[in-house]
Amino acid sequence: MICIFGGTFDPVHFGHLRPALELQQALEIEQVHLLPCRVPPHRPQPLLAAAHRLTLLRLAIADEPGLAIDTRELQREGPSYMVDTLNSLRAEHGERPLCLALGMDALTGLDRWHRWEQILQLCHLVVMQRPEAQWPRDGVLAERLAPLRVAEVAPLRLHPAGAVLTLPVTQLEISATRIRELLAAGRSARYLLPAAVLERIEQENWYANG
Ligand code: ATP
């Protein structure tokens, strides 16, 4: 089974890393692949250039064999559409089960993603709970996802795509937005992200000017 966890990681923090590791353990797979996007199509552009966000990701996972980085979106021109990423993974891995992990807040906007219905045919979704975000109650997303929901990891291994699992993870109320705000205000962001990541940010004066 392959599992990717996409995001802007602007910058990477413990709210990404701890859930990603819990995901790797819960799915009992060798690695979860963190997948930084170059040009997010559905949200404001990252403050930090892709190459720097990648540097920080590398520092963050340097001593964790259960986490890896997939740089395919950084190598592609144009908007980083997840559907294109999944098609390229599918071409590489054939019929192997493919999981896309995302936080609950990201899930609630899934129906605004480019060709989102096709995404459900290309992968399983593993939705990680996040403080203050809830499962969509009504609308097209709730309707479309309800019949796909499964309660355990086992069914994900049986098919290449098409199931939706909610995974309870340690709730960490940390966001990259808050970290950027703290740094721009000259305040400490310590203990919200790995020390090596914060150290590099401070050395380079990244995020210091908003
Ligand atoms: P920003 O504040 O800039 O929007 P973010 O902290 O939400 O950033 P992203 O890189 O946008 O981080 O998120 C990537 C993925 O990680 C998304 O699927 C998001 O839901 C998930 N995620 C981010 N922070 C958390 C958290 N604290 N707990 C669980 N999931 C999270």
Side-chain angles (χ1 to χ4, degrees), residues 3-27 32-61 67-74 79-83 85-86 98-114 116 119-120 123-136 141 145 164-185 187 189 191-194 197-198 201 206-207 210:
C3 182
I4 55 165
F5 179 23
T8 45
F9 304 107
D10 185 28
V12 61
H13 54 69
F14 287 136
H16 301 124
L17 295 165
R18 181 64 208 174
L21 186 61
E22 291 182 10
L23 182 67
Q24 180 263 340
Q25 304 271 302
L27 299 187
V32 163
H33 299 266
L34 304 177
L35 188 129
C37 70
R38 196 177 74 91
V39 181
H42 313 286
R43 49 165 292 154
Q45 293 310 299
L47 271 191
L48 204 58
H52 298 334
R53 289 183 282 119
L54 179 59
T55 298
L56 297 180
L57 268 175
R58 290 201 170 117
L59 288 169
I61 65 156
L67 300 179
I69 303 171
D70 185 322
T71 59
R72 76 187 61 218
E73 289 193 349
L74 302 185
S80 307
Y81 291 125
M82 183 52 77
V83 70
T85 302
L86 292 168
L98 177 56
C99 298
L100 168 63
L102 70 180
M104 188 69 86
D105 60 307
L107 176 83
T108 57
L110 183 72
D111 55 340
R112 294 191 294 274
W113 291 20
H114 186 55
W116 71 276
I119 291 178
L120 302 177
C123 64
H124 300 302
L125 297 183
V126 182
V127 184
M128 297 178 293
Q129 281 165 357
R130 188 171 179 184
E132 291 178 21
Q134 279 178 357
W135 188 262
L141 203 50
L145 297 184
V164 179
L165 175 73
T166 307
L167 190 72
V169 292
T170 302
Q171 296 295 280
L172 294 167
E173 202 171 352
I174 302 175
S175 72
T177 302
R178 180 74 186 127
I179 292 172
R180 292 193 301 271
E181 284 169 1
L182 287 170
L183 295 170
R187 314 230 348 229
Y191 308 134
L192 296 175
L193 68 178
V197 172
L198 183 56
I201 289 173
W206 288 335
Y207 301 111

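None of these values were measured; they are calculated from a predicted model. Order of appearance sets the numbers: ligands from 1, and atoms from 1 within every ligand. Residue numbers count from 1 along this sequence.
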Just to check, does [X] reach to within less than 4.0 Å of ligand 1 when the distance is taken from its heavy atoms?
X     : answer
Phe14 : no
His13 : yes
Gly6  : yes
Asp10 : no

Closest protein heavy atom to [atom], given as residue, atom name and distance to 0.1 Å:
atom                    : result
atom 20 (O) of ligand 1 : Asp105 OD1, 2.5 Å
atom 8 (O) of ligand 1  : Ala176 CB, 3.4 Å
atom 11 (O) of ligand 1 : Arg43 NH1, 2.9 Å
atom 2 (O) of ligand 1  : Thr177 OG1, 2.4 Å
atom 7 (O) of ligand 1  : Arg130 NH1, 3.0 Å

For [Y], is there any backbone N or O sitting under 3.5 Å from a side-chain donor or acceptor partner on [X]?
X      : Y      : result
Asp10  : Leu48  : yes
Arg53  : Cys37  : yes
Gln45  : Pro40  : yes
Thr71  : Leu74  : no
Glu73  : Leu35  : no
Thr166 : Val127 : no
Arg38  : Ala50  : no

Contact check: [X] vs ligand 1, nitrogen or oxygen atoms, below 3.5 angstrom:
X      : result
Ala101 : no
Arg180 : yes
Phe5   : no
Leu102 : no

Numbering the atoms of ligand 1 from 1, which are under 4.0 Å from a heavy atom of [X]?
X      : value
Gly7   : 10 (O), 14 (C)
Ala106 : 18 (O), 20 (O)
Ile174 : 24 (N), 27 (N)
Ser175 : 2 (O), 6 (O)
Phe9   : 10 (O)

Next on the checklist: Judged on heavy-atom distance to atom 31 (C) of ligand 1, which of Gly103, Gly15, Cys37 sits nearest?
Outcome noted: Gly15
Which bit of [X] is near ligand 1, meaning a heavy atom under 4.0 Å away: side chain, backbone, both or neither?
X      : value
Arg178 : neither
His16  : side chain
Gln171 : neither
Leu172 : backbone

Checklist entry - Going through the distances and angles, do Tyr207 and Ile201 end up as a side-chain contact (heavy atoms from CB on, under 4.5 Å)? => result CA-CA 8 Å; Tyr207 301 111; Ile201 289 173; 3.8 Å; yes
What I'd like to find out is whether the side chain of [X] reaches to under 4.5 Å of the side chain of [Y], using heavy atoms alone.
X      : Y      : result
Val169 : Leu23  : no
Ile4   : Met82  : yes
Leu107 : Leu145 : yes

Item to check | Gap separating the CZ atom of Arg18 from the CD atom of Gln171, nearest 0.5 angstrom | outcome: 12.5 Å
Next on the checklist: Run the side-chain contact (heavy atoms from CB on, under 4.5 Å) test on Thr85 and Asp70 for me, step by step, so that the C-alpha distance in whole Å, both residues' side-chain angles and the decisive distance to 0.1 Å come before the verdict.
Outcome noted: CA-CA 10 Å; Thr85 302; Asp70 185 322; over 6 Å; no
